[in-house]
Amino acid sequence: MTADFRHFYQKSWAERVAIVAEQTQLSAAEQALFKKYYLPQHHDIIENYLTDYPLPMGLAVNFVIDGQAHIVPMVTEEPSVIAAASNGAKIVKRAGGFRTTLKRREMIGQIVLEQLPDPQQTAALIESHAVRLLEVADAAHPSLKKRGGGARKLRTRILGAGYLSVDLFVDVQAAMGANMLNSMLEAVAKSIGVLTKTAPLMSILSNYATASLVKAECDIPVGLLQAGRYSGQLVAQKIAAASQVAQLDPYRATTHNKGIMNGIDAVAVATGNDWRALESGAHAYAVQAGQYRGMSCWTTDGQTLYGSLELPLPVGIVGGSIKINELAQLNQRLLGITSARDLERIMVATGLAQNLAAVRALVTTGIQQGHMHLQLKSLALAAGATPEEVPRLLQQLEQAPHQDLATTQRLIATLRRTGSTKKEETDD
Ligand SMILES: CC(C)(COP(=O)([O-])OP(=O)([O-])OC[C@H]1O[C@@H](n2cnc3c(N)ncnc32)[C@H](O)[C@@H]1OP(=O)([O-])[O-])[C@@H](O)C(=O)NCCC(=O)NCCSC(=O)C[C@@](C)(O)CC(=O)[O-]
Ligand SMILES: NC(=O)C1=CN([C@@H]2O[C@H](COP(=O)(O)OP(=O)(O)OC[C@H]3O[C@@H](n4cnc5c(N)ncnc54)[C@H](OP(=O)(O)O)[C@@H]3O)[C@@H](O)[C@H]2O)C=CC1
């Protein structure tokens, strides 16, 4: 790289493409990709914008949540995620659907004070001015109060080593609220600075959104879980056992939780929400009593499988880039939602459906049968197959002793040479 990237952000789009093309020796065809996915309005969303990056969007079906039927748009690059969510949702639908509970929806922000000789005294001083400080918070973003939201509570926590966290709880209404809350926190921090005669270290929302918890539950008669040669009762026992392992072992819990986030992240992206915020909050919440554990819990009494998942899911239906993302808007219509609370309920149910399908597959056929069957399409495309060649290749790949790139490339070569993959079949 020899180019000077100073003020790169002030260059026009064509200038940026020319610089990148020269620096990395891009062909005309490669540069054309930037144009293919370019959306002018996205210059205003991120910095140094070059192009869009397409991800597939599909629909998970069969969801019944609190008595309402839903289709769930999901954006994901991973095969079998949407099939699995639909599969889990179908089982729960037959059992009457998911129930959800959402008690409150507030975001928490922190103002951290440092080097305090007597944190307890500072905490008491701040708490004695709580009413005034809540007014300062509301004045920093008055439209929120007009909408029925606003600052609700102030709490102090002594962190040790001379640090004190002042936590502000805010009802952010239909938004995720990070920016609104940050503005409020910075205003309150100034007042606290004057009050305590110390300059706060920092002010920022916390993604550990414990005041935005939502829970999904389901009760499944074991007969609905039967899979191949496994009775429903046995499948229920094995799912409960897998759930227990995820409570005991962080190695398993991490994968168990990845399966849950397969669903939640895909809905977060489809609705224009900040999936990094959800990921960090969800994993932090999975650390109970000092150990990282499975986020969901499955138990059985031999007749019914009981499932539950509780997570902090601070999402919005306005704010951030949601209003300027046409597909995020359209997806709210597909979901049939008009509030952030509705979106939280659907997301937590999607996580539980996803988890049910994955764990049921793990304890019966194994994950590869269903997952690899769908993954093979990606493998065929990655090996260079045309969409027209994929169906014939899949038939052959299903039979092949090794479902890998080299085998797939050999099958494609044979198909193109002979019009059939038969020869490769005998070669292998
Ligand atoms: C893949 C299935 C669903 C097949 O399962 P199956 O038994 O062949 O499905 P089925 O024929 O009984 O169909 C049941 C329903 O599943 C859906 N379904 C079924 N097939 C499709 C398809 N092709 N496309 C779209 N939807 C599909 C569809 O809704 C269908 O209902 P129907 O439409 O027939 O009324 C099943 O094996 C499964 O759920 N597997 C789990 C796959 C999974 O979790 N994938 C995620 C990637 S692996 C991972 O990242 C997470 C993990 C596994 O590590 C987490 C963990 O360890 O806990
Ligand atoms: N740690 C983190 O997670 C951080 C995340 N972020 C980012 O912050 C963004 C989210 O912040 P957020 O404050 O939600 O977004 P915005 O800054 O966009 O604020 C919300 C906007 O929605 C408008 N609005 C319209 N109707 C409503 C309603 N009914 N309820 C509430 N607001 C309404 C508000 O209008 P009005 O102005 O009239 O009130 C405001 O303009 C995300 O992009 C996230 O990635 C930023 C910093 C840190």
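We count ligands from 1, going down the list as the structure has it; atoms in each ligand are counted the same way.
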Atoms of ligand 1, numbered as shown, that sit under 4.0 Å from any heavy atom of K258
49 (C), 50 (O)
Against heavy atoms of N62, which atoms of ligand 1 measure under 4.0 Å?
29 (O)
Protein heavy atom at shortest distance from atom 43 (O) of ligand 2:
G320 CA, 3.7 Å
Using non-hydrogen atoms of the residue, decide whether V172 is closer than 4.0 angstrom to ligand 2.
yes
So for ligand 1, is N355 a polar contact partner (N or O within less than 3.5 Å, distance only)?
no
Less than 6.0 angstrom separating the ring centers of Y38 and H43, yes or no?
yes
In terms of residue, atom name and distance, what is the protein heavy atom nearest to atom 33 (O) of ligand 1?
K90 NZ, 4.8 Å
Counting each atom of ligand 1 from 1 as listed, which ones have a heavy atom of L374 under 4.0 Å away?
1 (C), 23 (N)
Please say whether Q354 places an N or O atom under 3.5 Å from an N or O atom belonging to ligand 1.
no
Right, does atom 6 (P) of ligand 1 have protein non-hydrogen atoms nearer than 4.0 Å?
no
Between ligand 2 and G316, can you find any atom pair, the residue atom being a heavy atom, that is separated by under 4.0 Å?
no
Answer side chain, backbone, both or neither: which part of D274 comes under 4.0 Å from ligand 2, heavy atoms only.
side chain
Only heavy atoms count here, so choose which of S143, A277, G177, G319 is nearest to atom 12 (P) of ligand 2.
G177
For N262 and ligand 1, does the shortest N/O to N/O distance drop below 3.5 Å?
yes
Applying the side chain to side chain contact (heavy atoms under 4.5 Å, CB included) criterion to V166, which one of L185, V112, I126 satisfies it?
I126
Closest candidate by heavy atom, reference atom 43 (C) of ligand 1, pool S296, G88, G263, A84:
A84
Closest to atom 26 (N) of ligand 1 by heavy-atom distance, out of A60, A83, A246, is A83
Check ligand 1 against H256 and write out every atom of the ligand that is under 4.0 Å from a heavy-atom position of the residue.
58 (O)
Scan the protein's non-hydrogen atoms and note whether one is under 4.0 Å from atom 40 (N) of ligand 1.
yes
Closest approach of any protein heavy atom to atom 10 (P) of ligand 1, naming residue and atom:
N87 OD1, 4.9 Å
